[in-house]
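Worksheet: the structure to be examined is printed underneath.
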Amino acid sequence: MSDDFQPQSEFLRVLIERGFVHQCSDFAGLDALAKAGGLTAYIGFDCTAPSLHVGSLVQIMLLRWLQKTGGRPIALMGGGTTRVGDPSGKDESRKLISLETIEANKQGIKRIFSKFLDFGEDAPSSCACAAIMQDNSEWLGALNYIDFLREIGRHFSVNRMLAMDSVKMRLERDQELSFLEFNYMCLQAYDFVELHKRQSCVLQMGGSDQWGNIITGLDLGRRLGTGQLYALTSPLLTTASGAKMGKTAQGAVWLDAGMLPVFDYWQYWRNCEDRDVGRFLKLFTELPLEDIARLEALGGAEINEAKKVLATEATAMVHGRAAASSASEAARQTFEEGALAEDLPFVEIPRGDIEAGLGALAAFVRAGLVASTGEARRQVKGGGLRINDQTLTDERAMIGAGDLNEGSVKLSLGKKRHVLLRAV
RNA sequence: GGGGGAGUGUCCCGAGCGGCAAAGGGGGCGGACUGUAAAUCCGCUGGCUAAGCCUUCGUAGGUUCGAGUCCUACCUCCCCCA
């Protein structure tokens, strides 16, 4: 996508080297701006969930690199646009989300950003490129319909909108596209112009599925006289075997420790496919490229060392170095020594319940490892459950005080999923 | 507005003579093999106080000993005509 373009700016150089770039409206122009310094760019995040997950990590890292290379990142909360719903890349409309939910989600998402970007709250002096958080409900919420149509709407060509991939896909497949959703790109385009006006923002970044929406913003800007605006998109990430990033059977890989234990987050990266290690190290850690090249070159079982580095570095980014180290250590004890690690995910259970004798099947349900006792029974048949590393063979087995090991019982499902039942 | 078709195991797709907890895929989970990888092979993939019981086939009724299967109404979606 970047062909043989040789960036002069650190910003574009880093992005291209690390594999963040899919498309850009004008490499040379953007490069010059970035080189001059003080480049302001934004990425919008919809408030559709109470936290962000790994799927948004590329975008978050884009903003982080922007800041590290001297630019000013804006994280735009889609408090307003989430009320509409982006049809891009989706084959059916999303349900409307209530205002309260959007607001709650927004708060959760803000917390994530504070870990990746410096908003200049601690050191007001460093404010030249302090990150900014904006919420488009601020301006979208106040829009008057007719004014909007007259001032903004007249610049949009329905002919062109119909030709956009996101719209075309729905039309071709005969899938409903409501007028509400059809407006999404107009609002997003307007956001760009508004951020240019308010913050002198000249670049919008996003996933490759956002290209159409972003370009629409560029066009609108030209018509409204913002001066040249720029678009840059990142590749849509999938794992080497084609699965979407950030989704596992247990659910999304959340960036919030309350929604996904740090240990599990670490494990997510540890378990990536061999072929993905190098790519992920470049995107999701800040290790120097030379180090990554070395790790990537490891062959056979040695690649596991690279995966551990990936897991620890990626985890440290979100949850902090200390938490990453203890997750790493817990994994080492669990997988390499078969020992009981204190830092495994745990579920608290009244001591009395254990002393009174707890059905083994029920215990696995309480630990959240299986959904029902029926599933637990099936797992027993398949030899998938273990208590303190002893395979469970009797459905009627009980867990008692004697199974407590430093106050905990270790329950395992398969080789990888472990939960401590902690007596309290 | 008129005519035709479709909604199945709450992950998805998809069979289904009136006896059905319901074929088959995909996905997922577990096991074996490995390196906590990929590929491959095997098993499982409604709930429960479990050889029994309970709840599932768009919704609500009806026929029947018995309904996913037949009848009626309604809802939703798609196609053709206007």
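This structure is a prediction, so every number in the text was calculated from the model and none was measured. Order of the sequence lines sets the chain letters (A, B, ...), proteins ahead of strands, with each chain counted from 1.
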Will you find, in the side chains of A/Gln210 and A/Gln204, an N or O donor that is under 3.5 Å from an N or O acceptor? no
Just to be sure I understand the rule, does A/Trp266 reach a base, reach only the sugar-phosphate, or reach nothing, if contact means heavy atoms closer than 4.0 Å? base
Please classify the nucleic acid contact of A/Gly374 as base, sugar-phosphate, or nothing, using heavy-atom distances under 4.0 Å. base
Determine the contact category for A/Leu385: base if any of its heavy atoms lies under 4.0 Å from a base atom, sugar-phosphate if only primed atoms, P, OP1 or OP2 are that close, otherwise nothing. nothing
Could you give the distance separating B/G28 and B/C11 at their C1' atoms, to the nearest angstrom? 8 Å
Using the glycosidic torsion, which applies to B/C65: syn (within 90° of 0) or anti (everything else)? anti
According to the Watson-Crick and G-U wobble definitions, with both distances under 3.5 Å, which nucleotide is paired to B/U36? none
A quick test of your reading: do over 12 heavy atoms of other residues, nucleotides or ligands sit less than 6.0 Å from CD of A/Glu395? yes
Testing B/G35, B/U36, B/C48 for proximity to the side chain of A/Ser372, the answer is B/C48
For the side chain of A/Lys308 and the base of B/U36, is some donor closer than 3.5 Å to an acceptor across the two? no
Of the options B/G30, B/G35, B/A38, whose atoms approach the side-chain atoms of A/Gln379 most closely? B/G30
Return no unless some side-chain N or O of A/Ser412 is found under 4.0 Å from OP1 or OP2 of B/G30. no
Starting from P on B/G30, measure out to CD on A/Glu395 and report it in whole angstrom. 18 Å
Once side chain to side chain donor-acceptor pair (under 3.5 Å) is applied, what residue pairs with a partner in residues 322-333 of chain A remain, sequence neighbours excluded? A/Glu329-A/Arg332, A/Glu329-A/Gln333, A/Arg332-A/Glu337
Identified pairing partner of B/C70, criterion: Watson-Crick or G-U wobble below 3.5 Å: B/G62
From CD of A/Glu273 over to P of B/G35, roughly how many Å is that when rounded to an integer? 18 Å
Taking B/G46 as the reference, what is the distance to B/C12 when you measure between their P atoms (whole Å, please)? 14 Å
Among residues two or more places apart or on two chains, list those pairs meeting salt bridge (Lys or Arg N to Asp or Glu O under 4.0 Å) that have a residue in residues 291-303 of chain A. A/Asp291-A/Arg294
Euclidean distance for C1', B/A32 against B/A38 (whole angstrom): 16 Å
What's the CZ-C1' distance between A/Arg417 and B/G28, to the nearest Å? 12 Å
Please state the P separation for the pair B/G24 and B/U34 - nearest whole angstrom. 31 Å
What is the minimum heavy-atom distance between A/Ser208 and A/Thr233, and which atoms define it? CA-CB, 3.8 Å
Value in whole Å for how far the C1' atom of B/C44 lies from CG of A/Leu413: 12 Å
B/C29 OP1/OP2 closer than 4.0 Å to side-chain N/O of A/Arg377: no
Below 4.0 Å: OP1/OP2 of B/A37 and any side-chain N or O of A/Lys416: yes
Measuring only the C1' atom in each nucleotide, how far is B/G58 from B/G5? A whole number of Å is fine. 15 Å
Just how far, in rounded Å, is P of B/C29 from NZ of A/Lys415? 13 Å
Would you measure the distance from the P atom in B/C57 across to the matching atom in B/A21 and give it in whole Å? 13 Å
Is A/Asn136 reaching over with its side chain to a backbone N or O of A/Leu76, donor-acceptor style, under 3.5 angstrom? no
Selection from B/C48, B/U36, B/G35 that lies nearest to any side-chain heavy atom of A/Lys307: B/G35
Have a look at A/Glu336 and say if it touches a base, only the backbone sugar-phosphate, or nothing, with a 4.0 Å heavy-atom cut-off. nothing
Distance, P atom - from B/A67 to B/C75, rounded to whole angstrom: 26 Å
Can you label the angle between the A/Phe280 ring and the A/Trp269 ring as parallel, tilted or perpendicular, going by 30° and 60°? perpendicular
Using both distances under 3.5 Å as the test, list the Watson-Crick or G-U wobble partner of B/U55, or none. none
Contact class for A/Arg378 (heavy atom, under 4.0 Å): base, sugar-phosphate, or nothing? sugar-phosphate
B/G43 - base-pair partner by Watson-Crick or wobble geometry, distances under 3.5 Å: B/C29
Closest-nucleotide ordering on RNA chain B, the 5'-leading residue of A/Val365 and A/Gly299: A/Gly299
Suppose you measure atom P in B/G30 against the same atom in B/C78; what distance do you get, rounded to whole Å? 39 Å
From the list B/U49, B/U36, B/A37, which nucleotide is the closest neighbour of the side chain of A/Thr373? B/U49
Could you check how far OH of A/Tyr268 sits from P of B/U36, rounded to whole Å? 19 Å
Determine yes or no for a side-chain-to-main-chain donor-acceptor pair under 3.5 angstrom, with A/Ser56 supplying the side chain and A/Gln59 the backbone. no
Tell me: CG of A/Asn304 to C1' of B/A38, nearest whole Å? 12 Å
